[in-house]
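Let me begin by presenting the structure, written as structure tokens, before commenting on it.
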Amino acid sequence: MMRQQIGKALSRAQKQIERLDAQLLLAHVLDVTREHLLAHDERRLSLLQSLRFSRLVQKRKQHTPLAYLVGQKAFYGLDFFVNKNVLVPRPETEDLVEYVLQKIENLKGEKMLLVDIGTGSGCIPISIVKTHKHSNIQTLAIDVSKTALKIAKKNAQKHGVNIQFLKGNLLKPILKQSDHLSISPFDHVFVTANLPYVPAADYKQQPSIQKEPPLALLAGSDGMDLYREFIPQLLKLKDLTSASVSCIMEMDPSQIVPLSALFKNKPEVIKDLSGRERFLFVTL
Ligand code: GLN
């Protein structure tokens, strides 16, 4: 069989998947940049390279996220390892990071504990710790999934940030340890949560998310089961500490009103960049 040229391989693949995806997949197989690939499109592929490329094209065609196929995803200007055990970081979550960075900028001088719940790839706390200019922050990241924590730890190491990881459900690991972890030395506890929130009916209609871990996306038929469990835990955390407790939560726009109602004081509603109500922020 004649060895295939890059340009030919790409034009065949583009009949099956998006053009950009085809380019990124082939660049991944050849371990070159996309620019390099396009500048050398007369180069021929080895048989093994052709085979690997066509396998990836088939998987992409069957809706496997590109990020899983290339093993990474850019988020907040940083590259994160991802695999099928973690949610692929989403652009709207970058708005959450941006918001937290602004808030903690105003809390300079306070001793702060940052806690990320359902950390997944670790993209939220890692981006925050990597970017903030606050001098006194300690960071914890929690997830129920052992395999997700493995990826998050790998990402923390890659970016050289110091985060303590705990395995467990929502805030339980710190509520359990609250006396010896001692939340009291902190002036402020800042909790970030991008919990699973996709309503079951939406999930059924979106083949593109069905290759991601249901554990990271689903929470009962209306998608609010985990927030309904988490919010009372957050109120309990506030009862256990004299520190201020702030929390930002990412959710579906349809959940803003019912979840706000679980707080005595009305949380602030924040829109994402596409203008949809996406986050609630409270200080207790
Ligand atoms: N925003 C994601 C989606 O719509 C859901 C993320 C989540 O459940 N935390 O696919």
Side-chain angles (χ1 to χ4, degrees), residues 75-78 80 86-87 89-90 92-144 148-149 151-178 180-195 226-227 230-231 233-251 267-268 270 279-284:
F75 178 86
Y76 211 75
L78 301 168
F80 288 89
V86 298
L87 187 79
R90 303 286 203 272
E92 56 267 32
T93 308
E94 294 179 326
D95 299 338
L96 180 153
V97 168
E98 188 71 36
Y99 189 82
V100 175
L101 286 167
Q102 271 174 32
K103 282 279 171 194
I104 61 181
E105 175 81 25
N106 297 332
L107 298 171
K108 264 188 186 159
E110 294 197 6
K111 267 195 200 154
M112 171 116 63
L113 175 66
L114 180 72
V115 184
D116 183 48
I117 311 296
T119 202
S121 64
C123 65
I124 294 175
I126 294 170
S127 310
I128 295 171
V129 174
K130 193 86 186 163
T131 316
H132 78 78
K133 296 186 191 79
H134 197 286
S135 57
N136 206 342
I137 299 188
Q138 204 172 310
T139 311
L140 283 178
I142 301 173
D143 207 290
V144 269
L149 283 174
I151 292 287
K153 285 180 189 165
K154 211 172 137 186
N155 280 318
Q157 204 169 23
K158 171 182 166 108
H159 293 295
V161 295
N162 185 15
I163 293 177
Q164 188 188 342
F165 291 96
L166 297 173
K167 183 177 173 313
N169 186 32
L170 307 171
L171 281 166
K172 270 200 193 137
I174 57 169
L175 290 174
K176 231 176 20 199
Q177 294 179 18
S178 59
H180 65 267
L181 179 91
S182 185
I183 296 168
S184 38
F186 299 102
D187 301 316
H188 208 116
V189 181
F190 205 123
V191 183
T192 54
N194 178 16
L195 301 181
L226 282 168
Y227 278 116
F230 167 72
I231 292 168
Q233 290 184 358
L234 185 72
L235 303 177
K236 189 163 167 212
L237 177 73
K238 173 58 202 165
D239 284 344
L240 291 173
T241 171
S242 57
S244 300
V245 175
S246 294
C247 178
I248 185 163
M249 292 155 271
E250 179 181 321
M251 60 193 65
E268 188 181 331
I270 303 153
F279 312 100
L280 285 181
F281 175 75
V282 276
T283 297
L284 302 169

### Query
Please walk me through it: do Leu170 and Leu195 pass side-chain contact (heavy atoms from CB on, under 4.5 Å)?
CA-CA 9 Å; Leu170 307 171; Leu195 301 181; 3.8 Å; yes

### Message
Could you measure the distance from the CZ atom of Phe190 to the CD1 atom of Ile104? Nearest 0.5 Å is fine.
### Response
7.0 Å

### Query
Does Glu110 have any side chain to side chain contact (heavy atoms under 4.5 Å, CB included) partners at least two apart in sequence or in another chain, and if so, which?
Leu107, Asp187, His188

### Task
Could you tell me the separation between the CZ atom of Phe186 and the CD1 atom of Ile137, rounded to the nearest 0.5 Å?
10.5 Å

### Task
Report yes if some heavy atom in the side chain of Leu175 is under 4.5 Å from a heavy atom in the side chain of Leu237; otherwise report no.
yes

### Task
Give a yes or no on whether Lys158 atom NZ has more than 12 heavy-atom contacts from other residues, nucleotides or ligands under 6.0 Å away.
yes

### Message
Does Asn194 form a side-chain contact (heavy atoms from CB on, under 4.5 Å) with Leu87? I'd like the steps, not just the answer.
### Response
CA-CA 10 Å; Asn194 178 16; Leu87 187 79; 4.3 Å; yes

### Query
Sequence neighbours excluded, which residues qualify as side-chain hydrogen bond (donor to acceptor under 3.5 Å, both in side chains) partners of Glu250?
Thr93, Tyr197

Output a table of donor-acceptor pairs, distance under 3.5 Å, between side-chain atoms of residues 114-123 and any protein atom two or more places apart or on a different chain; print 'none' if there are none.
| residue | atom | partner | partner atom | Å |
| --- | --- | --- | --- | --- |
| Asp116 | OD1 | Thr192 | OG1 | 2.7 |
| Asp116 | OD2 | Thr119 | OG1 | 2.7 |
| Ser121 | OG | Cys123 | N | 3.4 |

### Query
Nearest 0.5 Å, what's the CE-CZ distance between Met251 and Phe279?
9.5 Å

### Task
For Ile128 and Leu101, work out which heavy atoms get closest and say how close.
O-CD2, 3.8 Å

### Task
Please name the pair of heavy atoms, one in Leu280 and one in Pro267, separated by the smallest distance, quoted to 0.1 Å.
CD2-CB, 4.1 Å

### Summary
With sequence neighbours left out, the residues meeting side chain to side chain contact (heavy atoms under 4.5 Å, CB included) with Glu268 are Tyr99, Lys103, Ile270, Phe281

### Task
Apply side chain to side chain contact (heavy atoms under 4.5 Å, CB included) to Glu94 and list each qualifying residue two or more places apart in sequence or on a separate chain.
Phe75, Tyr76, Pro91

### Rounded distance [0.5 Å steps], OH in Tyr227 versus CG in Leu234
11.0 Å

### Message
Looking at every heavy atom in both Ala141 and Leu149, which two are closest together, and how far apart are they?
### Response
O-CD2, 4.4 Å

### Query
Do Leu235 and Asp239 pass the side-chain contact (heavy atoms from CB on, under 4.5 Å) test, and can you show the C-alpha distance, the side-chain angles, and the key distance before you say yes or no?
CA-CA 6 Å; Leu235 303 177; Asp239 284 344; 5.6 Å; no

### Summary
Closest non-hydrogen atoms of Lys153 and Phe165, given as atom of the first, atom of the second and distance, are CG-CD1, 3.4 Å

### Query
Of the non-hydrogen atoms in Lys111 and Pro185, which two are nearest, and what is the gap between them?
CD-O, 3.3 Å

### Task
Take Phe230 and Val191 through the side-chain contact (heavy atoms from CB on, under 4.5 Å) test and state the conclusion after the steps.
CA-CA 11 Å; Phe230 167 72; Val191 183; 3.8 Å; yes

### Query
Does Asn169 have any side-chain hydrogen bond (donor to acceptor under 3.5 Å, both in side chains) partners at least two apart in sequence or in another chain, and if so, which?
Glu229

### Message
Could you report the tightest heavy-atom contact between Ser246 and Thr283, atom names first, then the distance?
### Response
OG-OG1, 3.0 Å

### Query
Just wondering, are more than 12 heavy atoms of other shown residues or ligands nearer than 6.0 Å to CG in Asn106?
yes

### Message
Is it the case that the side chain of Lys238 and the backbone of Ala243 share a donor-acceptor pair, with hydrogens and angles ignored and the cut-off at 3.5 Å?
### Response
yes

### Message
Glu105: which residues meet the salt bridge (Lys or Arg N to Asp or Glu O under 4.0 Å) condition with it, sequence neighbours left out?
### Response
Lys108

#### Entry: Set of side chain to side chain contact (heavy atoms under 4.5 Å, CB included) partners for Lys130, sequence neighbours left out
Leu78, His159, Val161

### Query
Roughly how far apart are Ile174 CD1 and Leu140 CG, rounded to 0.5 Å?
6.5 Å

### Message
Which residues pass the side-chain hydrogen bond (donor to acceptor under 3.5 Å, both in side chains) test with Thr131, not counting sequence neighbours?
### Response
none

### Selection residues 103-127 - residue pairs positive for ring-ring contact (aromatic ring centres under 6.0 Å, His included), sequence neighbours left out
none

## Note on the structure
CG (Leu113) and CG (Asn136) are apart, to the nearest 0.5 Å, by 11.0 Å

